[in-house]
Amino acid sequence: MTRVSRHLPELDLRTWRALLLLTASLVQRLMRERLVLRSMIWPTALTLITLVLTLLLMSFRTSAPRFVVDPSVPPSLVEAMEARNWEIFEGDPYSVMLEGRALAGTDGRTIWTRGAGPLTLELESLLREHHGAPWRPAAPARRPPSDGRSSGADLLCKILAVLFSLYGAVFGLGAVARDRDDGSLDSELSLPVPHWVPGMARWAAATVVTTTFYGLAVAAFHAIMGVSSPWSFFRHGFAAAGGSAAIGLMVVGGAGLKRGFSGPMSASLALVTGCMGLWWIAPELGRVLPIASVLAGGSGWAPSGAALALGLLSAAVFSVRSARV
Amino acid sequence: MRIGRLLAVARRDLAFEGAGRKGLGLPLVLAGLLLPASALPPPQEPRLFEEPEVITASGEVPGAVLELPQVTMHEEDAELRFEQTGDILLVRGRAVPEYVRRALDGEEPVVRIEQLPPRPVPLPGRGLLLALITSSTLLSAVAASISGERSARTLTTLLAGAISREEVVFGKWLAWTAYGGVAVLLAGCAAIVGGRVDPGPWMLPMATFPAGTVAMGLWLSRRASDVVGGATIAMRVLPTALAALAMAAWILGFSHPLAGAAVPVGGALLTAGATWPGVGPALLAATTTLGFAALALWHTARDLEERPGERPPSRPLFSLLGAGALAAAAWWTPLLVPVLWGRAGAPRIVTSLPLEHAVFCGALGLLLLSVVHAARTAEPAAELRLRTPRPSMLLAGAWVGLFLGFLFPGAQLGAHAPLLASERLAAALTPAWTSAGTLLLLVLADELLFRGWLPRIAGPAAALLVWTVVRSPFDPLTGLLFGGSMLLLVQRSGSVWPAVVARLLHAL
């Protein structure tokens, strides 16, 4: 191959087969790494364990809200409060509240509280009922069930996508730096295939592994909590993984463990975080850009396309910057 | 330990990372993050509960309320909804503002609400942010320090030299602790010069915090074979550990500041943010963090020569138990965790979550388990028994599927997802109600794992037992008969495909 043709896209069957085989081999190598596997499973497992423990705690909770009442409060009012399973104790409401030992306190006419909440409204309603007042406050009526969709699940998917995109950058960087140091990159570059092929294979492998495990996380949250739009989250995850892997691949350049790795790594992670910040600065732009779209939302198609384009670009940059034998 | 050798190792580590133009990357990133963080304006003090200046209302709003300039009518999503029920007017909303109360009560309110100032909660300040930025930026360098030496094969040379393991580890720690300490102190000084914070004892734990995180990073990556492994383990564990330690310190700090400051690393992080005033917490936090760092480094030095990837030969029973536990976690988590919503007081969530989503997720987890295992072997396809069977065996699979469909018809599902764990597992054993895609995924996952992989590591009987426990614990007879039939097909044909055909036809 001539010097120039090494960098040019050569789209014959042999090139495609080489790309496929190299990608499969890189995926297999990533799967053989126990640390990589644990990293992929750990965030989801940790979140699920926390969720299960919280649910178990809520299932067995016994603590009742505490209210302090002045000794002058009529017993009938105290009984009405106790009938709601509240823990009532006597004391000076003002001083007890200053010490923060109760949710609210009352002397029958005044309620001492901090902020507003449904239980304070309920206490006020009881007092007003006791005094025969013409109006009473009440908590807002519950909205109709929303098919189990919860914004909590969406938030978890977003947080995990942020983490997985950082992993994507590490895989993009590491797949070049590590292989350069152990000599396997040189072996691949000596194959009779264009130099962009090993770069594209690295991008594809990092993206496939990261997206697969992120997909599992989205499926788990969807099954347990209900995600508003799981497939668009999956697309955002793919875009974030692909985008950050591309950033890692482009930033690593000629770096390796023997040539300084922490600089490119810090720069990649900062770049990925910066891309994420675009969501905050320009939300509309963020919806079409990989990585930023994780937080900005949208259907995820445009950032997925952009991630593919970034993947191609990263392979080209790899071919020029990194693939020097 | 000899100080000269410690310094030599530290110098070597820093020179290695700082060499050439690329060496500028780390300090530039640190400066780019720390300088803006030190220049940020200080956060505002917590204020008293503030009432909304304007509010939307809907329903039967009394005239006195409507006349208020702060109130506007808005039928949808109003903040206050007025409902007349008999003689009583119900005012629904998260809070009823004082001006609305006055309009409803007149000059003599029946009940008064007195808002107390918020309780002072010790919240960490800027030092915490600077310490966190520094430590997280150095994470990659720290993670690469030992694992990089290992993959570059220089660790063995280093250990063979006239230098102890402790000197190697402490020297590396010294390099990055000094780097981080100097960087964070410079950022703290910039914040002081800019008038954003006042100098104080918080600077001591802020400077010692990197000592703790660097030691943790070295300990976490001590067995990693290369920088990717080292970085991923550090990225995975360190944030969680830091969050847990900081949370523990914060909670303990409510009982006494010294109790919070005594938590290693977490105490230093919060004290760096001047969460607790005084010299005592700062000194204690720095001391416990340095003590923790020394312990972590000693452990790192002890494990340094252990070769990564070397594991004791696995025993079939342990492998089977491990695989069974993973399969149970993958299958039971999506299917059974939603049941807890019901126990936690939200049964509506369980019924509204379609069971198909749980089956899809469980099947995906089981499939990934087999695929990941296969990817780690030399011949993935053979490991999962993916060879092409004889046509007669495929035909036999079809007959078995139809016969089993006659004996045990596929499970059906009502309008809502079942609430009981036993019902959910029974409905998902041999479902005839899922979409074709989910069914195919489930069948592939089941057959590759329970008939492909598990019988190879522990024999068919043990694999059948695991299948029954994981997939049909409440109806073991059906599980044994069904799983046994599939296993027989796979054992006879040497391929999972006849069982896949049987399962698909059974579901039809």
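These numbers come from a predicted model, not from an experiment. Each chain gets a letter, A, B and so on, in the order the sequences are listed, and its residues count up from 1.
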Problem - Any donor-acceptor pair under 3.5 Å from A:Arg32 side chain to B:Ala375 backbone - result: yes
Exercise for the section: Determine, stepwise, if the pair B:Leu89 / A:Arg136 fulfils side-chain contact (heavy atoms from CB on, under 4.5 Å). Expected result: CA-CA 6 Å; B:Leu89 178 69; A:Arg136 283 163 209 172; over 6 Å; no
Exercise for the section: Starting at CD1 of A:Ile224, measure out to CD1 of B:Ile349 and round the result to the nearest 0.5 Å. Expected result: 12.0 Å
Fill in the blank from the handout: Of the listed A:Met97, A:Glu129, A:Glu33, the one with the largest count of heavy-atom pairs under 4.5 Å with chain B is A:Met97
Practice task
Evaluate the side-chain proximity of B:Phe360 to A:His222: yes if any heavy-atom separation is below 4.5 Å, no if none is.
Solution key: no
Practice task
Could you look at B:Pro27 and say if it's the side chain, the backbone, both or neither that has a heavy atom under 4.5 Å from chain A?
Solution key: neither
Practice task
Quick one: pull up CD in A:Glu124 and CZ in B:Arg112 and give me the separation to the nearest 0.5 Å.
Solution key: 12.5 Å
Practice task
Check each atom of B:Val111 against the heavy atoms of chain A and say whether the ones under 4.5 Å are side chain, backbone, both or neither.
Solution key: both
Exercise for the section: Heavy-atom pairs under 4.5 Å with chain A are the metric here; pick the option from B:Leu104, B:Val371, B:Thr137 that has the most. Expected result: B:Leu104
Problem - Expected output: side-chain B:Arg376 to main-chain A:Met31 donor-acceptor under 3.5 Å - result: yes
Exercise for the section: Identify which part of A:Pro137 has an atom lying under 4.5 Å from any heavy atom of chain B, answering side chain, backbone, both or neither. Expected result: both
Problem - Portion of A:Phe213 that has a non-hydrogen atom of chain B nearer than 4.5 angstrom - result: side chain
Practice task
Heavy-atom distances under 4.5 Å only: say whether A:Leu37 touches chain B with side chain, backbone, both or neither.
Solution key: side chain
Exercise for the section: Can you tell which part of B:Thr377 gets under 4.5 Å to a heavy atom of chain A, answering side chain, backbone, both or neither? Expected result: backbone
Practice task
Heavy atoms only: give me the nearest B:Pro338-A:Ala223 pair and the separation to one decimal.
Solution key: CG-O, 3.7 Å
Handout entry: Side chain to side chain, A:Pro140 and B:Glu79, heavy atoms closer than 4.5 Å
Key = no
Exercise for the section: Without swapping roles, check the side chain of B:Arg92 against the backbone of A:Ala138 for a donor-acceptor pair under 3.5 Å. Expected result: no
Problem - Spacing of CZ belonging to B:Arg94 relative to OG1 belonging to A:Thr120, to within rounding of 0.5 Å - result: 13.5 Å
Practice task
Kindly indicate, with the supporting measurements, whether the criterion side-chain contact (heavy atoms from CB on, under 4.5 Å) is fulfilled by A:Met225 and B:Trp341.
Solution key: CA-CA 9 Å; A:Met225 300 169 80; B:Trp341 284 114; 3.9 Å; yes
Handout entry: salt bridge (Lys or Arg N to Asp or Glu O under 4.0 Å) between A:Arg114 and B:Glu114, worked out
Key = CA-CA 8 Å; A:Arg114 287 191 172 89; B:Glu114 278 204 19; over 6 Å; no
Exercise for the section: Identify which of A:Ser39, A:Gly174, A:Gly215 forms the greatest number of heavy-atom pairs closer than 4.5 Å to chain B. Expected result: A:Ser39
Handout entry: Evaluation steps, side-chain contact (heavy atoms from CB on, under 4.5 Å), between B:Leu340 and A:Val52
Key = CA-CA 8 Å; B:Leu340 289 175; A:Val52 170; 4.0 Å; yes
Exercise for the section: Give, as side chain, backbone, both or neither, the part of A:Leu216 having an atom under 4.5 angstrom from any heavy atom of chain B. Expected result: both
Handout entry: Largest heavy-atom contact set with chain B, pairs under 4.5 Å, which of A:Ala220, A:Ala267, A:Ala219
Key = A:Ala219
Problem - 4.5 Å side-chain heavy-atom contact, B:Val96 and A:Trp135 - result: yes
Fill in the blank from the handout: When rounded to the nearest 0.5 Å, the distance separating CD1 of A:Ile41 from CG of B:Leu368 is 8.0 Å
Problem - Residue among A:Thr106, A:Val170, A:Thr110, A:Leu48 with most heavy-atom pairs under 4.5 Å to chain B - result: A:Thr110
Exercise for the section: Under 4.5 Å heavy-atom distance to chain A, tell me which part of B:Leu90 shows up: side chain, backbone, both or neither. Expected result: both
Handout entry: Salt-bridge contact A:Arg128-B:Asp105 (side-chain N to carboxylate O under 4.0 Å)
Key = yes
Exercise for the section: Against chain B, label A:Leu46 side chain, backbone, both or neither, depending on which of its atoms sit under 4.5 Å from a heavy atom there. Expected result: side chain
Exercise for the section: Supply the atom-to-atom distance B:Leu367 CG to A:Thr212 OG1, rounded to the nearest 0.5 angstrom. Expected result: 10.5 Å
Problem - chain B contact via A:Ala270 - which portion, at a heavy-atom distance below 4.5 Å - result: side chain
Exercise for the section: Tell me, out of B:Ala374, B:Ala329, B:Pro334, B:Gly93, who's got the most heavy-atom pairs with chain A below 4.5 Å. Expected result: B:Gly93
